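Here is the naming used below: chain letters follow the sequence lines, and residue numbers restart at 1 for every chain. None of these values were measured; they are calculated from a predicted model.
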2 protein chains.
Amino acid sequence: MLSSKWVYLTVGALRRGRMRHGELARKMEGITPKMLTQTLRTLERDGLVRREIFPVIPPRVEYELTALGHDLAGLLDQIRQWSEVHVPDIRSARLAAQEGTL
Amino acid sequence: MLSSKWVYLTVGALRRGRMRHGELARKMEGITPKMLTQTLRTLERDGLVRREIFPVIPPRVEYELTALGHDLAGLLDQIRQWSEVHVPDIRSARLAAQEGTL
DNA sequence: CCGTATCCCGAAAGATACTG
DNA sequence: CAGTATCTTTCGGGATACGG
């Protein structure tokens, strides 16, 4: 899960509350319908997201985080915080390594 | 970095102290020389690992975590702790999802 | 001992078009 | 609206062999 960019974005979006497929798609620039569905289905299978279908026309499907999903959101937050602190250092190290190569 | 199994294992091993290439290879069952070198080089480039070469024959090369590397080890620890608590729940969810499909 | 150089492969991502 | 189906491509990982 930690290796998928779309998992980060999806969980991040759902954190603010229940949302429809279309809303999610609009919040996540660049995602294709296939990847969105695939990501949501995996999260659902793993018990992180709950999927509710309303049997109406046109279709209406809503997604929300489960308790476990919120726990994951907490971990992703820790990762985000770590990144905000340390990624700049990593960037500098990379640039310095490049300089050495030139 | 969080998407590479070898990063977890390498950082985990180096956490206990400075180590040679061969020692690392022996601690990490299944890793090929190529993957070990590739992992170490990436970690070095990103400022997480320091590489020291002793100009002797036969060659002697030692690796150790930098301060930034120890910071990363801390994050990996948080991920490990989260996993120990929640991965069983995810496993259950997966099994339950399978049952539903049968 | 500490690596490089190649080649190969499968899984995952993306683009595109279509449907109940 | 909320997906599926199909095709293509990319890319990281692994196996193997060789070299200073």
Whole-Å gap separating [atom2] ([N]) and [atom1] ([X]):
{"X": "Met19(A)", "N": "dA2(D)", "atom1": "CE", "atom2": "P", "result": "12 Å"}
{"X": "Gln38(B)", "N": "dG13(D)", "atom1": "CD", "atom2": "P", "result": "6 Å"}
{"X": "Ile31(A)", "N": "dG14(C)", "atom1": "CD1", "atom2": "P", "result": "8 Å"}
{"X": "Arg20(B)", "N": "dC2(C)", "atom1": "CZ", "atom2": "P", "result": "4 Å"}
{"X": "Met1(B)", "N": "dG12(D)", "atom1": "CE", "atom2": "P", "result": "15 Å"}
{"X": "Lys5(A)", "N": "dA13(C)", "atom1": "NZ", "atom2": "C1'", "result": "10 Å"}
{"X": "Met35(B)", "N": "dG3(C)", "atom1": "CE", "atom2": "C1'", "result": "15 Å"}
{"X": "Arg26(B)", "N": "dC2(C)", "atom1": "CZ", "atom2": "P", "result": "8 Å"}

Before accepting this row, confirm whether a basic side-chain N of the pair [X]/[Y] lies closer than 4.0 Å to the acidic partner's carboxylate O.
{"X": "Glu62(B)", "Y": "Arg60(B)", "answer": "yes"}
{"X": "Glu84(B)", "Y": "Arg80(B)", "answer": "yes"}
{"X": "Arg94(A)", "Y": "Asp89(A)", "answer": "no"}

Less than 4.0 angstrom between a side-chain N/O of His21(A) and OP1 or OP2 of dC1(D), yes or no?
no

* Asked: Does dG3(C) have OP1 or OP2 sitting under 4.0 Å from an N or O in the side chain of Arg41(B)?
  ->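 Arg41(B) to dG3(C) OP1/OP2: side-chain N or O found under 4.0 Å.
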
Original post:
Passes salt bridge (charged side-chain N to carboxylate O under 4.0 Å, His left out), Glu52(B) versus Arg18(B)? Steps please.
Top reply: CA-CA 10 Å; Glu52(B) 189 173 358; Arg18(B) 175 179 273 252; 2.9 Å; yes

What nucleotide among [options] has an atom nearest to a side-chain atom of [X]?
{"X": "Trp6(A)", "options": "dT4(D), dG20(C), dG14(C)", "answer": "dG14(C)"}
{"X": "Pro58(B)", "options": "dG14(C), dC1(C), dG14(D)", "answer": "dC1(C)"}
{"X": "Pro33(B)", "options": "dT4(C), dG3(D), dG20(D)", "answer": "dT4(C)"}

Distance criterion of 3.5 Å, no angle test: do you see the side chain of Lys34(B) paired donor-to-acceptor with the base of dG14(D)?
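Indeed there is one.
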
Axis-to-axis angle across the helix from dC1(C)-dG20(D) to dG20(C)-dC1(D), five pairs each end, nearest 10 degrees, ~ 50°

| Are the side chain of Tyr8(A) and the backbone N or O of Leu2(A) linked by a donor-acceptor pair below 3.5 Å? |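 Pair found, side chain donor or acceptor close to backbone of Leu2(A).
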
Can you establish whether the number of heavy atoms outside Arg91(A) located under 6.0 Å from its atom CZ is more than 12?
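For Arg91(A), atom CZ is not crowded (no more than 12 foreign heavy atoms under 6.0 Å).
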
> What's the shortest heavy-atom distance between Ala73(A) and Leu65(A), and which atoms?
Replying inline: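 That would be CB-CD1, 4.4 Å.
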
Using a heavy-atom cut-off of 4.0 Å across all strands, would you classify Tyr63(A) as base, sugar-phosphate, or nothing?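 Here Tyr63(A) touches the backbone only, sparing every base.
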
